[in-house]
Amino acid sequence: MRKTTGALAGLLALSMFAAACGGDDADTGSGSAETTAAGGATETTAAAMERGFQGDCASEEVFCIGLVTDVGKVDDKSFNQSAWEGAMQAAQELDGFADYIETVDSKDYETNIQSFIDKKADVVLTVGFALGEATTAAAKANPDTHFIGVDAFQGEVVPNLTGLVFNEDKAGFMAGALAGLLTETNVVGAVLGTDKVPPVVAFGKGWENGAKHTNPEVKAITTYHPGGLDVAFLDPTWGGQTAKQALDNNADVIFGAGGKTGNGALIEVAKKDGAYCVGVDTDQWETVPEAHPCLVTSAMKLIDDGVVELAAQVKDGSIEGGNYFGKVGLAPFHDFDSKLPADVKTEIEQIIADVDSGKLPTGVN
Amino acid sequence: MVSDRIDHDAAAGGTAELLLEARGITKRFPGVVANADVSLQLHRGEILALLGENGAGKSTLVKMLFGLYRPDEGEIRIKGEPVTLRSPKDAISRGIGMVHQHFQLVPVMTVAENVVLGAEPCRGRFIDQRRAAAEVRKLSERYGLAVDPAATVEDLPVGTQQRVEIIKALFRGAEILILDEPTAVLTPQETDELLQIMRELAARGVGIIFITHKLREVMAVADRVEVLRGGRVVGSAVPSRTDEAGLASMMVGRTVVLRVDKTPAQPGAVMLRVRALQVDDDRHQRAVRGLDLEVRAGEIVGVAGVQGNGQRELVEAICGMRPIRSGTVEVDGRDTTSMNAKAVNGLGVAHIPEDREKHGLVGSYTIADDLVLNRFDEEPFARHGLRDFTAIDKQAEQLVQRFDVRTPSIHTETNALSGGNKQKVIVARELSYDAKLVVAAQPTRGVDVGSIEFIHRQLVAERDRGAAVLVVSAELDEILGLSDRVAVMSEGRIVAMLPIEEADRDRIGLLMAGGA
Amino acid sequence: MGIVNALRRLSPDSRNTLVAVLTGLVAAYIAYGIWDFKATAVLGFMVRYSTPLALAAMCGILCERSGVVNIGIEGQMLVGAFVAFFGATWAGIVFGVVAGVVVGALLGAFLAVCAVSWRINQIIAGTVINILAAGVTSFFYRQGRTMKGSMPTWEIPLLKDIPLLGKVFFQNQPLTYLTFAIVIVLQVMLFRTPWGLRTRAVGEHPSAADTVGVNVSLYRYGNVAAGGALAGLAGALLSVEATGTFERGMTSGRGFLALAIMIMGRWRPSLAWAAALFFGLLNGLVNQLNFERVIDVPPQFIGMLPDVLTIVVLATFAGRVRAPAASGQPYTKE
Amino acid sequence: MNRQRVQSALLPVVAVLVAFLIGAIVVLADGKSPVRAAEAVIKGSMANRAAIGATLEKATPLILTGLAVIVGMKAGLFNIGAQGQLLLGSIMSAYVGYRLTVLPTVVHLPLALLAGVAFGAVPAFVVGVLKAYRGVHEVIATIMMNTILVNLTDWLAGGPWMQPDQAISKTPPIQASAEIPKVADLPVGFFLAVVMAFVVWFLLSRTTLGFELGTVGANRDAAHYAGMSVKGITVLAMTLSGALAGLGGAIETQGVVGRFEPGFNRGLGFDGITIALLAKVSPRAAIPAALLIGALRASSTQLQSIAQVAPEIVDVILAVALLLVAAPMIIRWALRLRNASGVEGVNLNTGWGS
């Protein structure tokens, strides 16, 4: 028996040896990932704001916002989280309350929406295009409650339903344009969630066109996660491994767009000196601190701002049905602000303005 | 009753060192006393035979000597020193080796790997393969046990595998060697070789405990015999001072019926006709090579042969369980060559399979279900695809009674039955439907004596009813006792067909081994 | 001449391996000659993708070689990833990895208790681990923490300068090297050491091992726990090394894929590694084809390519693979 | 005998209770109120007709995937692929459901169900054939098949069969004539599933086919000896298993979702494994097992809404319950029940076989 134990100990010892060496290196290595404060941004908001409807939502005075996530969690570092932060901020600003329900099973969309209707929420916020249909149905059935559908484009106008939608292609284009200016190898890469989700595709196509706009020489290499919808956004390992492959293809600016899969890509790029990465949806400087060494900006759709704005409109009664186009844009450059050449900054600012105004078409349908 | 207690020391020559001694060993299992107050002694260079029927407690006794069981009472001494054997490891370290009835060899490993397992010679942290092979070669030369250390065990014939087992024990420095029913799987010639090896080992100072129920072997090789019955030592003897009949009655406790009572056969029409049959074994090697055989209604044909000479494949081919490469099989004039088991069975062919646990029964089923295992979809047990449990139970009650299956209920799991009763379930099922042809492979293997007699009587009754009966057995005694004609099988062919009157042991033994 | 003789002395198995490795190398260098860095990129992905799978497959091999089916690799990996990451955020990556390994080993020991002592059906025990892992890691996950430090990339002097192979194999992170080592060590240990011989005997024919004094239960406990440790390490590799983060469900079915790899690799560490590399190669090619846009096929079809290929390969070539004979069977002394 | 039977019937109940207790402790550890959580489960799963309807709706596909796994296990096959089979069945029933427009309900509804059944069976049939005739292990084949089918259905729903005016992947809604109605809030599909549980039970325990299936599962060699076609039964069992999973998918499409949409059926096949094990591979016991899981899953809204408990607690409870059912000695020991005669628990083939 001694021999088994020996073998076991050997295996363990091996692993400990290697791990120990890794530790040594880490101490001397880049200390840039020391920032733990980044997550704090969300935590402080969360701390300031107690979750839940603490008042009588049925009364006129008490303003209640209920949020229903797409399958996923409110701490997904992505659109669910962004919407929830907007809801909390709105509740705070409007002196109301906010609560959420995380959807576990897509078939529960209606049930989850209904539970906020039953609680007499003033605003029901549904996050994700997948909830579009359930939201429309609920809005029609409950004319007294106002609904906001994040990412849900409204083909027909329902008076008490506002789609908070974004021109992701514009944000992608802006980011791509920056990438086209920054790349030295003339190769930019994109690691995307899945082509079955329109915003992801819009980001990706805009990115490619933007890069070509500022740099006709550029080669855009793009790939989508090959798995089903249930894993495509949840596989940071694949995202990282694929980003590395893109880097090995000489790409030096990588766009990671696809939930955790994209985040994995960002973190991987951060390990490579001189490479840039671009986040998506929110300012990922806040949500993915590990990516600071490369994160030059993020192609943002400002869901939180949109939510705050629309909630305020509901409160003051000015809200209209149909679509509300939320702001898109690039996140601040943070640490890269000082590193980016002035002419690049000037040029990108012009492009942002032109894309925003529609003067410069993104070329995406 | 033959000789009473005799003086052990006198038998062994008095001066030899006492290797092993058991004193007053008792072992109880729930509901059974397997060994009661058993004592025995083994000296250096001595061959001690433990003689007894199945269930006499021989196996339990040696398992205690090998550390697999712990005795409830009594004491084991090795070289005079009292020991507690907690595990085989303890036993091995004290110089006890055992060759189990079911070989404890890993089929996919080589001879050398099997031999050194658990006691590997090492160079650094690695197994020294060369030394392992060399050790095996050394031992095999010293004791005349020819084996190739590099061969994979599953490719070896049974006799050779047994030698590997012996080498395994010797490699571990065994001075006491326990052989549990070692000859059950051997040809007479291989048996003779084994007995020779045993003498050789004894001459080199190994003490051997030899378990058997074959009197001939005891007479041939043992220095002393302890006879067990019902878990007790009922007598001791020195073979040279007694005879087979005396040992036999001591073993069984009554006069033994050596021959099955039966009238001369009345052969009728040919029921089974096998022509130029060629069949492959599981490893796609030709096992039956151009075999011809006829069995008539009203006779019992016994197939004698050493295991592994194509008997299994022959039986399975006749019963539709194994594809036939060439040749034909006819049952009652119908060509069954390409029929499956179901169709062959439907023609009235009963099949008592060789391996009851593997083929004959589903252990997790109730007795009632196992009694209709191959007729589950026939009337009255099923109609239009629906099973009729009333009919199934009724049949089960009848068969359990008729075939004397000892069970609390027909709804008991078959797993819970003893070996003999399991076999009776199979025999009951197969003999319940007046078959035209009964194919019985090893019908009494591992079955207690009472059940053996019972099963034999049933087979004779089938013959007398007019069925053709084909018995395949590794027990030559069974073949000689039951058969009207004896077919000797060797290397996939019937090499001789003898009327029972002309079948004598020596001649058959020679034929089995492929001699002229 | 000496080489020819040496070749002749090799077992057919080793000879086939050698032929396969050489063929692979030649193909790789031809590809390198034609496509240069693209070949490097694909092969680099191959190694990264295959490493956690190979490690998890080693867990499966350790368990099954000693007779225990471990269908809970996915769960063990997930918990390993979880503990390793949060350990790393709390006390650094060394602590994290060790914690992940230890917890993996504990889950392995739990499986061993179920399988060996309680004699619970092993598939059930594994399923329990999987469900529990998914639930617990998701329930207790809190975001907003970052690791203290990160896994470095080690470039092996000299070796790293070999064209193609240097970049593919010798510019990796510590746990990746550790995986290489584990595969090789396990291969050697399994087929060359007393421990390996006994382990295989326990998995093939436990009573044969028992009767020569090998403690079957102890071997099963030890190996299944060690297997769990490897699964935990695979999880740590995912969170602490490959991504530097933990996400719910981040194993994404790799534990199950590892089982397939184990079987494709016929329960041999080296072959399983080859199978894992094969999967990695396919997925890397998929990405590269996407990058190059040489084909206009929906990604779904490219995504299912490895799976279709596996089935075709198994159906065509592998035939009946032979599992360790006692795998999944509880052992009772008679 | 009788007392033993009562005990073994009681064990799963005790197991579930203990699991709830542990769940409560976890909730408490998380700083939430177990009492409110309990209230949430009751409200979410059985307080009113809608809640009961929700529970039954969740339980429906679980019964069927549970049955699918059970049928496989009875024949000695471990079908991890119920998920993929369910997906294909689901999308095929959706296709038949939206594409055929002029059929009356009596034809259309069963036809769409049949499409689900048939196409759930197809991939399983392939796996069965690979297993029986090519020796490809069903566990690998079904793992691979799951990935293939997820990708295939994603592509179909986002490609050729995508609803034209939609931005996201989903098929058009099925025609009203293919919809499975609800009667008084209660989903008719559930009753269909219950009927199937009894059909499967009847099939396995009362028919000769079931006997063959069980024999192949319990002892292949004996099945061969008894003249059964082991290969044929293997293929058949696998096919039947896939058909049941496919039916589950069709009922989801026609009774709950109303179309096929990727991501709407996740996890159902894997829950099927849990149910088969909780039910100790007994078809009728799959009903209460599925109801339990269905009730817990249906409570996820209320758990969050009332108790602010993360819905993952359900998985924790299930894992504990499964463990206790599989290892009755733990409860026996805890309750000091004697009479632990023999090894009890689920009886199925564990080995990879070959």
Side-chain angles (χ1 to χ4, degrees), chain B residues 30 282 315-316 319-323 339-347 349 351-366 368-379 381-389 392 408-409 411-416 426 429-430 439 441, chain D residues 1-2 4-5 8 73-76 132-133 135 198-233 236 240 280-282 338-354:
Chain B
D282 290 339
V315 166
E316 291 186 1
C319 298
M321 286 173 68
R322 190 171 278 275
M339 286 188 183
N340 66 15
K342 191 98 206 110
V344 174
N345 184 251
L347 284 178
V349 177
H351 176 196
I352 298 167
E354 171 181 332
D355 187 336
R356 64 172 164 267
E357 310 278 345
K358 190 173 174 196
H359 288 110
L361 297 166
V362 177
S364 56
Y365 278 179
T366 63
D369 274 345
D370 267 324
L371 280 170
V372 294
L373 187 63
N374 53 0
R375 307 195 330 125
F376 63 96
D377 59 348
E378 289 168 23
E379 294 204 25
F381 310 122
R383 255 184 219 94
H384 313 300
L386 296 185
R387 306 185 68 211
D388 181 340
F389 291 102
I392 292 169
S409 147
H411 297 296
T412 303
E413 263 194 24
T414 311
N415 270 338
I426 296 175
R429 180 181 68 217
E430 294 308 312
V439 181
Chain D
M1 203 70 186
N2 203 4
Q4 208 176 327
R5 202 176 262 180
S8 80
M73 283 180 176
K74 283 281 183 194
Y133 295 95
F198 279 91
V199 168
V200 169
W201 164 76
F202 186 81
L203 180 86
L204 288 178
S205 63
R206 290 280 183 271
T207 68
T208 54
L209 183 65
F211 187 73
E212 290 187 73
L213 232 133
T215 309
V216 169
N219 184 342
R220 250 154 219 274
D221 296 309
H224 181 56
Y225 159 82
M228 303 167 185
S229 162
V230 174
K231 292 180 177 178
I233 294 288
L236 188 81
L240 208 59
K280 294 193 170 186
V281 202
S282 144
R338 291 288 159 104
N339 188 17
S341 58
V343 177
E344 193 189 327
V346 183
N347 179 27
L348 64 119
N349 282 353
T350 310
W352 294 120
S354 63

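In the text below, chain A, chain B and the rest are named by the order of the sequence lines, each starting its count at 1.
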- prompt: How about D:Asn219 and B:Tyr365: do any of their side-chain heavy atoms sit closer than 4.5 Å?
  reply: no
- prompt: Side chain, backbone, both or neither: which part of B:Glu357 has a non-hydrogen atom closer than 4.5 Å to chain D?
  reply: backbone
message: Report which part of B:Asn345 has an atom under 4.5 Å of a heavy atom belonging to chain D: side chain, backbone, both, or neither.
response: neither
field: Exercise: identify the closest heavy-atom pair between D:Thr208 and B:Ala382
entry: CG2-CB, 3.4 Å
message: On a heavy-atom basis, which atom in B:His359 and which in D:Tyr225 lie closest, and how many Å separate them?
response: O-CD2, 3.3 Å
message: Give me the atom names and distance for the closest heavy-atom approach of B:Ala341 to D:His224.
response: CB-O, 3.9 Å
- request: Supply the atom-to-atom distance D:Leu203 CG to B:Leu386 CG, rounded to the nearest 0.5 angstrom.
  value: 10.0 Å
task: Among B:Val344, B:Asp369, B:Asp377, B:Asn340, single out the residue with the greatest number of heavy-atom pairs under 4.5 Å to chain D.
output: B:Asp369
message: Need one label for D:Ser229: side chain, backbone, both or neither, based on atoms under 4.5 Å from any heavy atom in chain B.
response: neither
Interface moiety of B:Arg383 toward chain D, non-hydrogen atoms closer than 4.5 Å: neither
- request: Could you tell me which non-hydrogen atom of D:Ala222 sits nearest to which non-hydrogen atom of B:Leu361, and how far apart they are?
  value: CB-O, 3.7 Å
task: Pick one of side chain, backbone, both or neither for B:His384, based on which atoms fall under 4.5 Å of a heavy atom in chain D.
output: neither
